[in-house]
Amino acid sequence: MPIANADVAAVFNEIADLLELQGASIFRIRAYRNAARMLGDLGRSIQAMVEHGEDLDALPGIGADLAAKIVGIVNTGSCPLLNQLRAQGPPGVVELLRIPGIGPRRARTLQLALGIRTLEDMQRAISDGRLGTVRGFGPKTQQRIRESIAAHQQADRRFRLPMAMQVAEARLASLAAEPGVLQAQAAGSLRRRRDTVGDIDLVVAAGPGSSVTRRFAAAADVATVLAKGATRAGVVLANGMQVDLRAVPPESFGAALLYFTGSKSHNIALRQRARNAGLKLNEYGVFREDRRIAGDTEASVYRALGLPFIEPELREDRGEIEAALANGLPALVTLDDLRGDLHAHTRDSDGLDTLAAMARAARARGWQYMAVTDHSSRLALAHGLDAGRLAQQIDRIDALNARHDGFVVLKGVEVDILKDGSLDLPEDVLRRLELVVGAVHSAFDLPRDRQTDRLLRAMDHPCFSILAHPTGRLIGERPPCEIDLQRVIRKARERGCFLELNAQPMRLDLNDIACRMAREEGVRISIASDAHSTLDFDHLRYGIGQARRGWLEPGDVLNTRSLDALRPLLAATMDRVSHDTPSPAV
Ligand code: DGT
Ligand code: CA
Ligand code: CA
C-alpha cells in the first residue's frame, strides 16, 4: 500500500487535534503539528526513506519517538496512539477544530449546547438559525464559518503544489524509463505553477506501437481507471489524485505539450491567432492546408504563429500575447536570482533548528544573507520573543557574524500587528534590528475598512520594513482577509517599505495577481521562505512560481539584491522619524 507524506501528516495532525481537545501540553501538540508540516512539505517520499532504512531522526523535529511512529504508520497504515485517542475523545468534534476561530473550548460548547459534532451539523445550525443563539456567534462569525467550510470542501478537490509535484515527478521518472518513450513532461496547471492543482497532466513522446498508456493505467497504486486507449489514459491514484496521460508522436510533442499546458484561454487566443493567419493549430501541430509546418517543440509552434516563446507561468491570457507581440515580455525571476532570504525562524521561537544550523544551511545555498525573524511574544503558542530574549538573540547573531565571512545573518523579527495596528514590541527594541517584518496572526475577520486601516497604521510605524503574508490566507483552510490591497500597495510605495510573497506552499501570499499589482506600482517584493527548519528553504521554488505568474523580474524582487544594495534599502525603512517625537522644524 503506498503511503503518501500527506497521509502520515494527516495522522499527526489528527493526533495534535485530539491532544488539544484533551488539553495536553502545548509542547507535545506542537511536536506533532511541526512534524506534520515538515512531512507535508518534504520534497521526498517518507515511505521510500523508511523502505531504504534511512535515519528519520535526521529530519528536523523528528526524534526517536516520532521516527518510530512514522515507521509504524508506513508499515501498517495505522497508528495505535491515534486509535487510542479517538476512542477516548468526543467523536467528530475534531472536524470542527479545522475551522479558523474554533478552538477546543468553543467546539465543546457547541457540542453541549447544540449537539454540533460535524461540519454538516454546523452548516445546518447556521441555516436554521440555531447557531445565532449561542454567544459569540454573530452574523459575521457565521458568514466566516460558512466560507471556511466551503473552502474545505473545495480543498478536497484541489491539491497543493508539494504533493502534486511529488506525484508528478515520481510518475515522470517511471514513464521516462518505459521502452519507446522519448520525452516525458508535466503540463497543465502544475506546469503553469498555479497555487493549487486539480489534476496532473502528463505528456509523453512515444514511438509507434508503444504501450505506455496501457502500462501507466496498470500501475500498482492506481485505484480507478477513468480512460484507457492507445494515446491516452486517465487514472485516479490511491492517494486521491487524478492523473491524465497523453502519448503523441515526437513530431507533435511540442504542440501537445503546449495544448495540455493551457491555460484553456491562452490556447483559445493562440488558435484565434492561427486562424487569422490562415493556419490551423491543434495538439498535433500547426498546419497550413494539410501540411504540418511546426509541432516538435513549443518554440516551433510559437514561431509559426509569429511569436517568441512564452513561459508557461504567463499563459493565462492576461496580456502575455499582446506583450509578446510588442516585444515586451518580462524576463522572469528565477530561483538562481535570489541572494538571500528575509524571513526565517529558529528554535528561539517556533522553528525546529538552531540559529547556527539555519545560517549554515542558508550559506550552503550560495546566498549572501539570511534574516532571522522569530516571532514576538504575543504569539505565545510559537514561544515568541520578548524584548529580553530578543536582545540575547541579537548578541548571538553578532557573535555568529563575527565568525563567518562572506555570509551575514541579518537581525530581524516577525512582530505581531495587533488588532489596532500597533506593533507587539516597543520602538526602542525594534530600532536595534536591521529589519522588522510585520504580520497579522489574529483578528482575521475585521471588516474591510478596519482591516485595511490596521495594516496601513502598522506600515506607518517608523520601523516597519516588510509586510509578511499580507492577506493571511491558508489555501484550503482560511480565506484571505478582507483588505483593500490597492491601498496597502500604495502605502508601501509611499513609505518605501516592502511586501512579502510568502513561499510556504499553503500560503503563497501575495498571490500572482497581487504581485503583478505591486510590480505595476513599483513596490518591491520579498520572496520569503518563512522557513521553520533548514529544509523549508525549498519552499522558495513555490514562491518563485507564483512570482513568475505575477510577471516579476529580478529587479522587482527585494532579495535579488546583493547585501550591499539591500542594506541601504532596509536601513531606509528603519530610519524614519518616530511619531512619538516631534519632527524637527524645516
Ligand atoms: P486544473 O487541472 O483544474 O488545475 O487546471 P488545468 O489547466 O490543468 O486544466 P485541465 O487539467 O482540465 O486541462 C489541462 C489543459 O488542457 C488545459 O490547461 C488546457 C487544455 N484543455 C483542456 N480542455 C480544453 C478545451 O476544451 N479547450 C482547449 N483549448 N484546451 C483545453
Ligand atoms: Ca490539470
Ligand atoms: Ca486534466
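Order of appearance sets the numbers: ligands from 1, and atoms from 1 within every ligand.
- One distance of note links NE2 of His539 with OG of Ser533; it measures 7.5 Å at 0.5 Å rounding.
- The ligand atoms of ligand 1 that sit less than 4.0 angstrom from a heavy atom of Phe260 are 14 (C), 15 (C), 16 (O).
- Residue Thr261 touches ligand 1 through its backbone alone, judged by heavy-atom distances below 4.0 Å.
- In summary, the atoms of ligand 1 found under 4.0 Å from a heavy atom of Gly188, numbered by their order in the structure, are 8 (O).
- Within the 4.0 Å cut-off (strictly below), a protein heavy atom is located near atom 14 (C) of ligand 1.
- Atom CZ of Phe287 sits in a crowded spot, with more than 12 heavy atoms from other residues, nucleotides or ligands closer than 6.0 Å.
- Listed by atom number, the atoms of ligand 1 under 4.0 Å from Arg192 heavy atoms are 7 (O), 18 (O).
- Using cut-offs of 30° and 60° for the angle between ring planes, the His343 and His469 rings count as tilted.
- Using a 4.0 Å cutoff on heavy atoms, His266 does not count as a contact of ligand 1.
- Taking all heavy atoms of Asn267, Leu258, Asn282 into account, the minimum distance to atom 30 (N) of ligand 1 is reached by Asn267.
- For Arg288, the CZ atom sits in a loose shell: 12 or fewer heavy atoms of surrounding residues, nucleotides or ligands are nearer than 6.0 Å.
- The Ca ion (ligand 3) is closest to atom OD1 of Asp201 (considering only N, O or S atoms).
- In this structure, atom 6 (P) of ligand 1 lies nearest to the protein heavy atom Ser189 N, 3.7 Å.
- Within a 4.0 Å radius of atom 9 (O) of ligand 1, the protein contributes no heavy atom.
- One finds the OG1 atom of Thr452 at 11.5 Å from the CD atom of Gln486 (value rounded to the nearest 0.5 Å).
- Which parts of ligand 1 touch Asp201 is read off a 4.0 Å heavy-atom cut-off, strictly below it: atoms 8 (O), 11 (O), 14 (C).
- For atom 11 (O) of ligand 1, the candidate residues are Asp195, Val197, Leu190, Asp199; the nearest heavy-atom contact is made by Asp199.
- Taking CG from Leu42 and CE from Met163, the interatomic distance works out to 13.5 Å, rounded to the nearest 0.5 Å.
- Looking from atom 3 (O) of ligand 1 to the surrounding protein, the closest heavy atom is Arg158 NH1, 3.2 Å.
- Side-chain atoms of Asp337 and Thr560 form no donor-acceptor pair, as typed in the model, at a separation below 3.5 Å.
- Those atoms of ligand 1 that come under 4.0 Å of a heavy atom in Arg271, given as number and element, are 29 (N).
- The Ca ion (ligand 3) lies at the vertex of an angle of 120° between the OD2 atom of Asp244 and the OD1 atom of Asp199 (rounded to 10°).
- Among protein heavy atoms, the minimum distance from atom 31 (C) of ligand 1 is reached at Tyr259 OH, 3.6 Å.
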